[in-house]
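Below is one structure; the comments refer to it alone.
Here the structure is a predicted model, which means the values were calculated and not measured. To find a chain, count down the sequence lines: A is the first, B the second, and so on, and within it residues start at 1.
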Amino acid sequence: MANDYRLRFAPSPTGPLHIGGARSALFNYLLAKKNGGTFLMRMEDTDLERSTKESEENIKDSLRWLGMDWDEGIDVGGDCGPYRQTERLPLYQDAVDKLLETGKAYYCFCSEEELAQEKEEQLSRGETPRYGGKCRDLSKEQQQALLAKGIKPVVRLRVPAGETVVIDDEVRGEVSFETDGIGDFIIVKSDGIPVYNFAVVIDDHTMGISHVIRGEEHLSNTPRQIVIYDALGYEKPRFAHISLILGRDDVGKLTKMSKRHGSTSVVAYKEQGFLPEAIVNFLALLGWAPGGEQELFTLDELKQEFSLDRVSKSPAVFDLEKLKWINGMYIRNASGERLLRYGLPFLKKAGLIGEEPTTEEMIWAMRVIDALKNHISCFAELPEIIEKYRAEIAYSPEVMESLKECREEALIVLKAMKEKLEKTPSITVDSYKKLLKEIAKETEIKGRNLYHSLRVAKTGEEQGPDLDKISIILGRELMLKRLNAFIKIFQRMA
RNA sequence: GGCGCGUUGGAGAAGCGGCUGAACUCACCAGCCUUUCACGCUGGCAUUCAUGGGUUCGAAUCCCAUACGCGUCACCA
């Protein structure tokens with residue numbers, strides 16, 4: 001049992017699953033899976049004010065959507081339940097009682113104002129703010145008296161002075177802190193709810209957690225937790241603190257990833273049309289680097305490849321361009337069926353097809369998605385591209401200039417296409433290709449001379465997706481309209 | 001301010017004292033392929049690893065300072 005890998009993801013349900021949280025979850029998940037261990041999920045909802053059911057559901061949904069199913073924990077059960085901290089209060093109470101009895105913890109009756117003032121004074125003197133120890137040695141009688149006055153005390157841990165706590169971190173190596181910089185901190189709030197740092201220790205211990213992988217922002221919490229482990233005589237898990245995810249703001253400054261860097265929640269990316277496997281792949285690359293040249297990994301491959309010693313100490317920067325690239329790669333390789341499933345909602349939302357698409361609309365959607373799959377990096381771009389091609393176009397002088405060289409051929413091709421189109425009832429990739437072939441044969445024009453003028457006439461651009469694919473987007477009517485208009489403009493050109 | 005962590009090209013990021021090509025990816029540029037463009041493929045893209053000192057026969061890699069950046073110092077997690 002001692003060597004069993006038991007890793008956990010323990011979010012607090014105070015908001016949707018954040019990109020950083022998803023990455024922490026992923027690393028824990030991967031290390032567990034790599035070693036044939038257990039991945040569990042626990043809800044840290046001791047912040048009564050901010051915790052919501054809605055957030056909890058969002059987190060669970062997002063995690064499942066990404067493919068990280070947990071073997072034990074909330075909703076699925078297990079031997080170490082319950083898996084929601086507010087349901088584990090008796091467990092914490094036992095531990096607190098134990099510490100109180102042995103004198104390793106004590107009641108503190110100081111008011112918040114008192115504490116705030118103390119802190120301010122220490123700060124102004126340039127000291128590390130910490131509890132001065134006023135209630136440290138209150139007698140039983142003094143405590144009773146204060147209790148009788150109706151003051152609700154907090155419980156503080158008696159932190160040994162003058163000691164050095166060394167964390168042997170799996171990614172950062174040895175990191176040490178002085179207990180003198182910590183001070184007697186609160187482990188139970190005045191409402192009787194234990195504080196995060198205390199509850200985690202009890203939970204991780206009773207759940208048999210072997211490795212704790214979490215964000216670097218927790219590094220300075222770790223010495224506190226270690227002091228608790230020691231006070232309780234618990235064996236400590238291995239710790240691994242992974243670097244923060246940074247975002248670049250408008251002025252190019254790097255700071256911890258937050259709202260102002262764009263979307264931070266997993267659902268937001270889902271709604272923009274990112275594939276779960278692409279997000280997982282991208283997240284894995286944030287702070288972890290594979291040994292070889294491969295960049296694209298499935299979850300199963302990651303389970304094989306992942307290891308903590310390839311996790312970087314320096315912060316990872318969230319690079320949306322890279323995410324888009326990865327997503328584009330997955331889109332190109334996805335099956336037509338899956339593409340349709342993911343793409344359809346975006347077409348519906350844009351009003352390009354109805355809520356209950358007809359067979360014709362479905363066929364059109366399939367064709368459009370297939371036509372554009374090499375050109376999009378996420379599904380939200382699908383309607384954008386379609387609308388772009390359907391919008392009014394202006395022919396720029398530069399583009400017109402590019403047609404000068406093949407003026408004569410262009411005119412022949414354009415007219416031929418117009419005529420053929422008029423006789424063709426509907427346009428598909430194949431029928432359009434056929435038209436082109438006929439024109440090529442009849443006019444003996446080929447290559448750039450054949451394609452360029454048509455592209456310009458239809459899109460106003462010099463490059464883009466295949467013309468047969470664009471034809472589907474535009475449809476017969478629009479193409480004819482543009483062709484007619486363009487031929488007129490073109491003929492006027494000297 | 002105390003404590004902690006980090007600093008490699010336009011961007012992400014390998015490298016952990018001696019395979020002097022500082023990998024790989026994105027972006028960019030050039031060429032090839034394709035009856036056009038794109039996709040794809042091939043090639044180019046840091047005499048240099050924040051700066052200054054040291055240690056060493058040898059340092060991006062170890063040590064010390066400096067600078068800059070970030071995190072954290074809650075009855076939030």
Exercise for the section: Please work out if C108(A) contacts a base, only the sugar-phosphate, or nothing of the nucleic acid, heavy-atom cut-off 4.0 Å. Expected result: nothing
Exercise for the section: For the side chain of R224(A), starting at C-beta, report the closest nucleotide among rG4(B), rA38(B), rC73(B). Expected result: rC73(B)
Practice task
Look at the side-chain N and O atoms of K119(A) and state whether any lies under 4.0 Å from the OP1 or OP2 oxygen of rA74(B).
Solution key: yes
Practice task
Remember a base hit wins even if backbone is also touched, and classify V317(A) as base, sugar-phosphate or nothing at under 4.0 Å, heavy atoms.
Solution key: sugar-phosphate
Problem - Glycosidic conformation of rC19(B), taking syn as within 90° of 0 and anti otherwise - result: syn
Handout entry: K313(A) side-chain N/O to rU8(B) phosphate OP1/OP2 under 4.0 Å
Key = no
Practice task
Select base, sugar-phosphate, or nothing to describe what A289(A) touches, counting heavy atoms under 4.0 Å on all strands.
Solution key: sugar-phosphate
Practice task
Would you mind classifying the nucleic acid contact of H218(A) as base, sugar-phosphate or nothing, using non-hydrogen atoms under 4.0 angstrom?
Solution key: base
Exercise for the section: Quick one: sort the H241(A) and F239(A) rings into parallel, tilted or perpendicular, breaks at 30° and 60°. Expected result: parallel
Practice task
Using a 4.0 Å heavy-atom cut-off across all strands, classify S51(A) as base, sugar-phosphate, or nothing.
Solution key: nothing
Practice task
For the side chain of K189(A), starting at C-beta, report the closest nucleotide among rG4(B), rA77(B), rA38(B).
Solution key: rA77(B)
Practice task
Take the angle between the ring planes of Y234(A) and H205(A) and call it parallel below 30°, perpendicular above 60°, tilted in between.
Solution key: parallel
Completion exercise
Out of rU72(B), rC26(B), rA14(B), minimum distance to the side chain of W325(A) belongs to rC26(B)
Problem - A316(A) side chain, from C-beta outward: closest of rG6(B), rC39(B), rA13(B) - result: rA13(B)
Exercise for the section: Please state whether the base of rC5(B) and the side chain of R172(A) form at least one donor-acceptor pair under 3.5 Å? Expected result: no
Exercise for the section: Please work out if S312(A) contacts a base, only the sugar-phosphate, or nothing of the nucleic acid, heavy-atom cut-off 4.0 Å. Expected result: sugar-phosphate
Practice task
Establish, from distance only, whether the side-chain atoms of S377(A) and N327(A) form a donor-acceptor pair under 3.5 Å.
Solution key: no
Practice task
Could you check whether T14(A) gets within reach of a base, just the sugar-phosphate, or nothing at all, counting any heavy atom under 4.0 Å?
Solution key: nothing
Problem - Partners meeting ring pair (Phe, Tyr, Trp, His ring centres under 6.0 Å) with H375(A) (sequence neighbours left out) - result: none
Exercise for the section: Salt-bridge test for D47(A) and R50(A): reply yes if a basic N is under 4.0 Å from a carboxylate O, no otherwise. Expected result: yes
Practice task
Using a 4.0 Å heavy-atom cut-off across all strands, classify E112(A) as base, sugar-phosphate, or nothing.
Solution key: base
Exercise for the section: Report yes if a donor N or O on one partner sits less than 3.5 Å from an acceptor N or O on the other, where the partners are the side chain of D45(A) and the base of rA77(B); otherwise report no. Expected result: no
Exercise for the section: May I ask you to verify if any side-chain N or O of R310(A) is less than 4.0 angstrom from the OP1 or OP2 atom of rG15(B)? Expected result: yes
